[in-house]
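Letters go in sequence order (proteins before strands), and every chain restarts at 1.
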Amino acid sequence: MLDLIIIGAGPAGITASVYAARKKMDFLVISKDIGGQTAWSGDIENYTGYQFVTGPELVAKFEEHMRTYKVPMKEGEEALELSKAGDTFIVKTDKASYEAKAVIIASGKRSRELGVPGEAAFKNKGLTYCATCDGPLFAGKDVAIIGGGNSALDAALQMAKIARKTYVINIMEHFTGDAVMAEKIMADKNVEVMHNARVAAVHGDGFVDAISVARQSKTEKLFVKGIFVEIGLIPNSSFLKGVDKNEAGEVKIDSHNRTNITGLFAAGDVTDVPEKQIIIAAGEGSKALLEAFRYLSRKR
Amino acid sequence: MAKSVKVYSTPTCPFCIRTKQFLKESNIAFEDIDVSVDHDKAQEMIARSGQMGVPVIDIDGQVIVGFDKEQIKEKLGL
């Protein structure tokens, strides 16, 4: 049996793993990917020591750091279930099952989905969660941005420059993103803003060709080739049963990264820690590991 | 014999950058196709991969969608 399993390899999980390796613990990192949301980040200008670094560059540095310490890692594996039998934790993934005396959850957050018919079928076939990545493929076409926060406004401004027409479909009465961006969008002739509007369905034939939008009691169909979903993030915590979470689904932790279950710790964006930042996640990862180490030392 | 490797990408997509970083670190030569400016190649990518997400990696005619490190390694024999 392992001493420790770390679930997730974003800034929190990676930092925890470097500390664990330096303490020569018997441990394993299990993660779908390396870098988590940091890999999706554009320009980072607030990570101490780097005046400017891009998300992928910082992830490459994280990876290099892990490699130096020969961190044992199962990449491309997703934790599906976590249970505890006596003092032993059992982590079931899509490929195998692992046992450990302690676990750190650092599974982060992912893009929130619309949850409407057609969404799954047209994912990457016109519907995307990364305007920064896939936006240029929709140059000259009609597109719809879903959301009203900063990432939605950012995507709208980006697409307004290259798309033929850009619809912004916002479920709220007003934009919640920065006023400077909202004003620019409202003033753009190629942009049509729809407030109090809810996406009802995504349509297409192989690829997206329309979206149904419900406003008041009316539903209308907009003919668009691209749909950019920018409606925030949700924690990757649904595989955790019996773990205390807040209303947003974030794992509740105390100031020592302990959850309500003895031997189970959590760190980074998946937790209810105030402020979600790369540097905070990294710091939390180190805190969680030190606490887990202390816990395991006491058990011996 | 060296395999023919193409990466269909956009300059702003983080996983395109990660893919290219990985290939460079593995000393694999590849053709970088920027589909944000080359619309014919963008259409070619969509037709060949059946989807619109980047990156798309072509290794000797076999298409991989996304930065799937394991698959890329397997196809390259790394």
| field | Top of B:G50, B:C16, B:S36 for chain A proximity - count of heavy-atom pairs under 4.5 angstrom | value | B:G50

Quick check on [X] against chain B: is it the side chain, the backbone, both or neither that has a heavy atom closer than 4.5 Å?
X      : result
A:A39  : both
A:L127 : neither
A:F138 : side chain
A:T132 : both

| Gap separating the CD atom of B:E25 from the CD atom of A:E64, nearest 0.5 angstrom | 8.0 Å

| note | Rounded to the nearest 0.5 angstrom, the OG1-CD distance for B:T12 and A:Q158 is 6.5 Å

| task | Using modelled atom types only, decide if a donor and an acceptor are shared between the side chain of B:T10 and the backbone of A:D134 within a distance under 3.5 Å. | result | no

With a 6.0 Å cut-off (strictly less than), is the heavy-atom count around [atom1] of [X], excluding the residue itself, greater than 12?
X      : atom1 : answer
A:K92  : NZ    : no
A:E45  : CD    : yes
A:D94  : CG    : yes
A:K165 : NZ    : yes
B:K6   : NZ    : yes
B:K20  : NZ    : yes

| said: Before you tell me yes or no, could you show the steps for A:L137 and B:V54 under side chain to side chain contact (heavy atoms under 4.5 Å, CB included), namely the whole-Å CA-CA distance, both residues' side-chain angles and the distance that decides it to 0.1 Å? | reply: CA-CA 9 Å; A:L137 288 160; B:V54 283; 4.2 Å; yes

| Out of A:T128, A:T54, A:V59, which one racks up the most heavy-atom pairs below 4.5 Å with chain B? | A:V59

| Within-4.5 Å side-chain heavy-atom neighbours: B:K69 and A:D33 | no

| What do the steps show when you test B:R18 against A:E57 for salt bridge (charged side-chain N to carboxylate O under 4.0 Å, His left out), and what is the final call? | CA-CA 8 Å; B:R18 296 264 296 141; A:E57 280 164 3; over 6 Å; no

| request: Can you see which heavy atom on A:F207 is nearest to which on B:M52, and at what distance? | output: CE2-CG, 3.7 Å

